[in-house]
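Single-structure report; data block below.
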There are 2 protein chains.
Amino acid sequence: MSPRNKELSEEMRTHSRATLIAAARHCFATRGYFNVRIADVAQQAGMSQGSIYWYFASKEDLLKAVLGEAFESLGAVMAEAAAAPGNARQKLDHLLSGLLQYAQEGSQFTSIMISLMGHTNEDMFARLGFDMDAIGLGYTESVLSILTQAQAEGVIPAEHNPLALTMMFFGLFNGLNLVYGQEWLSLPPETLKAGMLRLLGVQN
Amino acid sequence: MSPRNKELSEEMRTHSRATLIAAARHCFATRGYFNVRIADVAQQAGMSQGSIYWYFASKEDLLKAVLGEAFESLGAVMAEAAAAPGNARQKLDHLLSGLLQYAQEGSQFTSIMISLMGHTNEDMFARLGFDMDAIGLGYTESVLSILTQAQAEGVIPAEHNPLALTMMFFGLFNGLNLVYGQEWLSLPPETLKAGMLRLLGVQN
DNA sequence: CTATTGACTGAATAAGTATTCAATGATAGT
DNA sequence: ACTATCATTGAATACTTATTCAGTCAATAG
């Protein structure tokens, strides 16, 4: 009286779950959450609609899983740059490179976040269980710590307000994704980095 | 054998149509097109669902009316700055002031556009009858003309690529709206303008 | 007063889509 | 071989929501 052994079962489960999340990420990123049908995700994953409900309670629950990964990986990029050894200028380079790379590899994440951010369905994120203030604060703090170090080292003039710089920096990064999709990444990285550094007031 | 006279009828019509567009603009901007129900717009306008279909063929047709106004008014801001008299530096100031003012007064438009741009439902705009390439090009050209003049006048170093500057500029402006909603407008206008000018490589 | 027109209503309809669930298939211990 | 277990299926269900339409109302010319 026993079924498949534990290991295989576990393996199937993690595999299917990952397949579904990847399919959902792809669909949400390319067509936007509200334009994607559960049937689309199932087809993309090569599974049935019913299976989705074996792993996720609802379409929103699926979105939650996708977004969770997204927030985490973006946060990691920022935190890594802030924690990197070296002077402020090196950390800034680290941050810019990391974000450019993230924009290329993790472009699906950014697309999804953008497609949701536009919808000021205020409590959508809250309903999903995300504390956006806390998440945003985490990102902000990483960049802020680099900028204040840069001011201390005289790389950025002291008269600039670091919080304002951080906001503009995030605005620029997300805005390029918003307006130009992947297209902005075809600009030379040096041009992009130079622009971001100018925005931040970095003296060359 | 005759109804209400023409003038009154016409008046009712334009009034109701404007009311509906305003209601739709408000709803779309605050909750995002896909989260808004026709019933919501009707309630916001204080009219019945049926009335909407007296004036608009469909929900999309209503969106089209709202977006048409949006594109036009944003284009006007850019074109006005480009056509203003004076040197490049003055035109840049004109542009920045215009956009900041637009962001405050016409914030609903920007929110709606953002809520739609996120959805890479490629042909949505085309289905609505908008040629996005042409519209985007119009905006780009206005800014581009100012930037090339600025380079000719030595206000911006010649080594910068004006198209890249334009893209980053649009990215920054839209990104601030995307990430921070109206909140970014509480930063001092001088701080914002200074940041934008730095991004554009303007020498002070 | 009355007939005619056109704006307007809101309940009914039609379409679309998230979710459920009874049935199936696969596996492995007995 | 048998059976318990659990992932999986996909058609049926339940629900949401855009759209329709038969009818109401207000205004006015005759």
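Residue numbers begin at 1 in each chain, while the letters A, B, ... track the order of the sequences.
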side-chain N/O B:Trp54 vs C:dA7 OP1/OP2, d < 4.0 Å: yes

Aromatic plane relationship, A:Phe34 with B:Phe34 - under 30° parallel, 30 to 60° tilted, over 60° perpendicular: parallel

Separation of D:dT8 P from A:Met47 CE (nearest whole Å): 4 Å

Below 4.0 Å: OP1/OP2 of D:dT9 and any side-chain N or O of A:Ser51: yes

Residue-phosphate contact under 4.0 Å: B:Tyr55 side-chain N/O, C:dA7 OP1/OP2: no

Distance, rounded to the nearest Å, where B:Ile52 contributes CD1 and C:dT9 contributes P: 10 Å

Closest approach of B:Ala70 to B:Tyr102 (non-hydrogen atoms, all atoms of both residues): O-OH, 3.6 Å

Contact list for residues 76-90 of chain B, test salt bridge (charged side-chain N to carboxylate O under 4.0 Å, His left out), sequence neighbours left out: B:Arg89-B:Asp93

pair A:Leu147-A:His160: side-chain heavy atoms closer than 4.5 Å: no

Sub-4.5 Å side-chain heavy-atom contact between B:Ile21 and B:Tyr55: no

Nucleotide-resolved protein contact map, nucleotides 15-20 of chain D, B/S/- at heavy-atom distance under 4.0 Å: --SSBB

Spacing of B:Glu10 atom CD relative to C:dG6 atom P, expressed in whole Å: 13 Å

Between C:dA26 (C1') and A:Glu11 (CD): distance, integer Å: 15 Å

A:Lys64 to A:Phe56 six-membered ring, cation-pi geometry met (6.0 Å, 45°): no

Sugar-phosphate only, base, or nothing, as touched by A:Phe56 at under 4.0 Å among non-hydrogen atoms: nothing

